[in-house]
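What follows is a short report on a single structure.
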Amino acid sequence: MRTLAIADLVISEDRQRKAKEPKGLADLKKGILAIGLLQAPVVYWETEAKPVLIAGERRTRMMTELHEEGLTFQYDGED
């Protein structure tokens, strides 16, 4: 597993989920805060300089939002 900056991700416009339901996003945020991130977003490295997000766009968005709000969450037992 690698750690990278969310700003370095390329998010494809060809995403499976097109609708952005606000209640679902709020529930996801509450869940991440309550029990932590259960599954990390998945990226595909086309080249070393261009990681492409292939799964977890909503999780990525929520992680960004939590960070901007100064909140922490757990993943794999760590903050």
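Starting from 1, each residue takes its place in the sequence as its number. Just so you know, these numbers use all the heavy atoms, side chains as well, and skip hydrogens, waters and symmetry mates.
- Results of the side-chain contact (heavy atoms from CB on, under 4.5 Å) test with Val43 over Asp8, Val52, Leu9, Thr60 single out Leu9 as the only residue that passes.
- Atom CD in Glu69 sits 11.0 Å away from atom OG1 in Thr64 (nearest 0.5 Å).
- Salt-bridge annotation for Glu65 and Arg58: absent, with no side-chain N of the basic residue lying under 4.0 Å from a carboxylate O of the acidic one.
- Residues Leu38 and Ile54 fall into different hydrophobic clusters, defined by Ile, Leu, Val, Met, Phe, Trp and Tyr side chains chained together at heavy-atom separations under 4.5 Å.
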Full working for side-chain contact (heavy atoms from CB on, under 4.5 Å) between Leu4 and Trp45
CA-CA 12 Å; Leu4 57 108; Trp45 294 82; 3.3 Å; yes
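- Judged purely by atom type and a 3.5 angstrom limit, Arg59 has no side-chain atom pairing as donor or acceptor with the backbone of Leu37.
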Between Leu71 and Leu33, is a side-chain contact (heavy atoms from CB on, under 4.5 Å) present by the stated rule, with each step listed?
CA-CA 8 Å; Leu71 300 171; Leu33 285 171; 4.3 Å; yes
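- Distance OG1/Thr72 to CD1/Ile32: 12.5 Å, rounded to 0.5 Å.
- Under the 4.5 Å side-chain contact rule for hydrophobic residues, Met63 and Ile35 do not share a cluster.
- Residue Leu66 holds its CG atom at 9.5 Å from CD of Glu68, rounded to the nearest 0.5 Å.
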